[in-house]
Each structure stands twice: as C-alpha cells, then as structure tokens.
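These notes concern the structure reproduced below.
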Amino acid sequence: MQGSARNIAVFGAGYIGLVTAACFAHLGHRVTVRDIQSERIRLLQAGDVPIYEPGLGELLAENKELLTFTLDAAEAVNDAHIAYICVDTPPTASGDADLSRVWSVIDSLRGAAHLTAVVVKSTVPVGTGARVRTALDAAGLSHVGYASNPEFTAEGRAVADFLHPDRLVIGTDDPATAQLLRDLHAGIDGPVQTMDVASAEMVKLASNALLATKITFINEIATVCEATGADVTRVADAVGLDHRLGRHFLNAGLGYGGSCFPKDSRALRAMASNSGYSFQLLNAVIEVNDLQPRRAVQRLKAELGTLRDKHIALLGMTFKAGTDDMREAPSTVLASRLLAEGATLTCWDPMARPAHTQPWSQAERRNTVTEALTGADAAIIVTEWPELLDTDWETAQHLMRTAVLFDGRNLLDPDAMAHAGYTCLAVGRATRRPTR
Ligand code: UDX
C-alpha cells in the first residue's frame, strides 16, 4: 500500500466523514479530518469518539498515526491529494437538500491547485456535481478531477459496509479520476460501478427511495393484515423467500426514521417536483410513513379507552438498535402524540443521549426496562434493542398497572407474551389477550 498511499482531506466529522476517514486510514492513507464544530474536533484530538458506531473507535485508535483532526480548512488541504466532502445536507423548508455546507467547503478549496481530485460523498440532488464542476473551473481548478462517490453505509454497521460494500459507485467523466478512486479503495472487496456523475448521484437517491418503499409496502400490508386476520411476519417470511423479492427490509414496524430515508425521500420528491413532476409513488410512501407511528397511538388509545392520565413506557428512543442516533426517530413522534393525548411518559434506551428538548423533557428517563415498566398502564416497544428480548416479562407484568404491550417492532412472540399475562398488540398481527 505504501506506494499508492495518498493524503486525503475529509470534510465533515459526522457518521459518514469519520467512518470514511477511519477506513481510509485503515487502508493505509494519511487522512486529515476537518469539521467546523470545535467540541467535536477537541474530542477527536483527545482520542475520544463523539458518536457511537461499532468498530469506529477501534479503527481510529489503531490508525491514530495516520489521522489528524483540525478546524482549519486550509490545514486540511495543505498537502492533500484528494478532498472528500462528507458534510451533511439537511432538508430546507421546501424539502430540497441544503447544500450550503457543501458550497462552503468548495469555497475553501479555492487556491488548492495542488489537489488531484474533489469527491462528494454527501447525498446531493442530481445535477450538483455539474454545478460543482463549473465552480471548480471558475476557481481556476479545471485540472482537478471531480467525482461523486455516494455512500451506502447503514448506521450501526457503517465500518463493515465501507470495508465490504455491495458495490462501490464512482461517478466521474474523467478516466484518471475513476482510476484514482479505484486505487484509493484498493483492499476493499466489492464490485465497482463507474458511471457519469449524474447517474451516480441518482443511484444513492433511488436506492434509498426503493428501500423506503419496500418498508412502506410491508407496513401497508401489515395494516391490511390487521383488518383481515393475516400475520404480516409470516407473510413477509414467505414473500421474502422469492429470490426476486428477498426478505430484507420487509419488517413491518413504526415507520422508517434516521438521517437518510426521511430526508432523502423528501429530497427526491422535491427534486422531481422542481422539474414539474409529481413523484406519486414517493408521495404515498412519505404519507404512509408519517401515519405509521400515529396509527400505533390510535390503536393503543382504542385499547385503553383513553390515553388521558395513562402512564406509558416507551422502550427504545433511537431510530433503530445499535446506534445512539435520534434523528427522525419514530419515538419522538410517538412521545409528542402521547403527551398531546394527555398521557405521562417514562422512557428507556441503552444508547440514546439525554435529550432535554421537547417532547423528551417531559418524559422521565429510567435506567432499566423494568424501572420504565413500573407503574405503567401500557408499554410500547419502539426500538428493537436486544435487551428487550432478555427482559423477564413475566416478572415485569406484576410491576405494571395494566399489562398492555404494543410491540412496534414485532420483536417478541405474541403468544408467549399472552401466556405471560399480557394483552399484546403488534404491527400487522392479531391482538393477543392473556391466556392465563
Ligand atoms: C440507510 C440505508 O440502509 C443506507 O444504505 C443509507 O446510506 C443511509 O440510510 P440507516 O438510516 O442507517 O441506513 O438505517 P437502516 O438500517 O437502513 O434503517 C432505516 C430505517 O428503516 C430505520 O428506522 C429502521 O428501523 C427502518 N426499517 C428498516 C424498518 O422499519 N423495516 C425494515 O425492514 C428495515
């Protein structure tokens, strides 16, 4: 690797930037990470990891000789061959992606004529690369290659996804830049797809939209299952055995959340709308997903008669297990809706950082599942944390005021829960009543 090792400036020390930096260092490259948040950089310089991502801390520690962290953009590009842009692109009021952070990085590259390539990993609307190319040309950097290299990493397994990807997508109009990116990723196994910039940008948006559609499809089937007596988990298992369909992303639940699917599906819809086209399938996906946690509250209300003055335990706050990320977590909508209905809340999560903003400031955080359940009129499983599988539900039942459980992840065996004394509501499955 020594011969082909490069100096890489990574802009953005979030989930994507840090994983990208740590993995490139692991591959032998020298990486300087630049972020605008001083606390984040201070932690990284001190050897701490500001986010939780399995394997990331170890990779950063093992490769600390190859990693530098800075607030200074000029220092980051100083002797870099490649600038990797991994900043966030949050939604604006119109649903479009806010590219201001991308543009401020591009601005900071003015004068960096020694660069060989600029690569955008951030999720951006199709056409962004062409605009960046124009900006680079105008800044006297027409000799610097440009590529789109979208990420497909899922939180909780981002390091593994980076090192063992289903595919590596390289979007560039320049063969030398394509080869440079292939060389940068030497040591990573996975098929490489090289294409034009616009197509690479679209691959990312299309992949996320299709995955969000798959989840939403099974959530719709779940609703029909509830009305007809079918069991969505059995349906998904059998449907998923068709190799053309596959079982992945067919788990019905409380709707997708996280930093990507909600934002990217809205961004793709906005992109289509901006060109005068209404992306009807995506409109439906977004609408159904918004409804999903609200439906859960409605079903619980029907079960309890009212939610006013009922004490509800929320089990899990993060948008999925294995992460501390609360972005667009269904738990936040659930908590707000339950409070609006007059309920009081306790919550438990092994990883979520304390949240002092609404609605969480009104929920009492407990350290264990059992403590959260104590005195509750009902509990909702929001996140599929393994701790919930290990909970002694039989004992916990006696601590609750009424043993009503809404399994929002279809995590537990509803018949076993009924046997343990619970009324068990689940997504796309018949409600079970206590059998003893
Ligand atoms: C996703 C994509 O998987 C990744 O490729 C992309 O780069 C970023 O977005 P991530 O948001 O980390 O990754 O999580 P993922 O595991 O894909 O789950 C997204 C959401 O869908 C979660 O809220 C999850 O609970 C939900 N989900 C997933 C379901 O409700 N059912 C499923 O069957 C799968």
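Remember, it's 1-based here, ligands and their atoms both numbered in the order they're listed. All values below were derived from every heavy atom in this structure, side-chain atoms included, with hydrogens, water molecules and symmetry-related copies excluded.
Salt-bridge check for Arg294 with Glu287: failed, with every basic side-chain N at 4.0 Å or more from each acidic carboxylate O. Using a 4.0 Å cut-off between a side-chain N of Lys or Arg and a carboxylate O of Asp or Glu, Arg409 and Glu384 qualify as a salt bridge. With respect to Glu341 and Arg337, a salt bridge is recorded, a charged nitrogen being found less than 4.0 Å from a carboxylate O.
Looking only at atom types and distance, the side chain of Asp98 has a donor-acceptor partner in the side chain of Ser100 under 3.5 Å away. Side-chain atoms of Arg42 and Gln45 include no donor-acceptor pair closer than 3.5 Å.
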Under 3.5 Å: N or O atoms of ligand 1 paired with protein N or O:
unit_1	atom_1	unit_2	atom_2	d
ligand 1	5 (O)	Phe152	O	3.0
ligand 1	7 (O)	Glu151	OE1	3.2
ligand 1	7 (O)	Thr153	N	3.4
ligand 1	7 (O)	Thr153	O	3.1
ligand 1	7 (O)	Lys204	NZ	3.1
ligand 1	12 (O)	Glu155	N	2.6
ligand 1	12 (O)	Lys320	NZ	3.2
ligand 1	14 (O)	Lys320	NZ	3.1
ligand 1	16 (O)	Lys320	NZ	2.9
ligand 1	23 (O)	Gly257	N	2.9
ligand 1	23 (O)	Phe319	O	3.2
ligand 1	25 (O)	Arg409	NH1	2.7
ligand 1	25 (O)	Arg409	NH2	3.3
ligand 1	31 (N)	Asn251	O	2.9
ligand 1	33 (O)	Leu250	N	3.4
ligand 1	33 (O)	Asn251	N	2.9

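In this view, Tyr84 and Phe24 satisfy the ring-ring contact (aromatic ring centres under 6.0 Å, His included) rule, not counting sequence neighbours.
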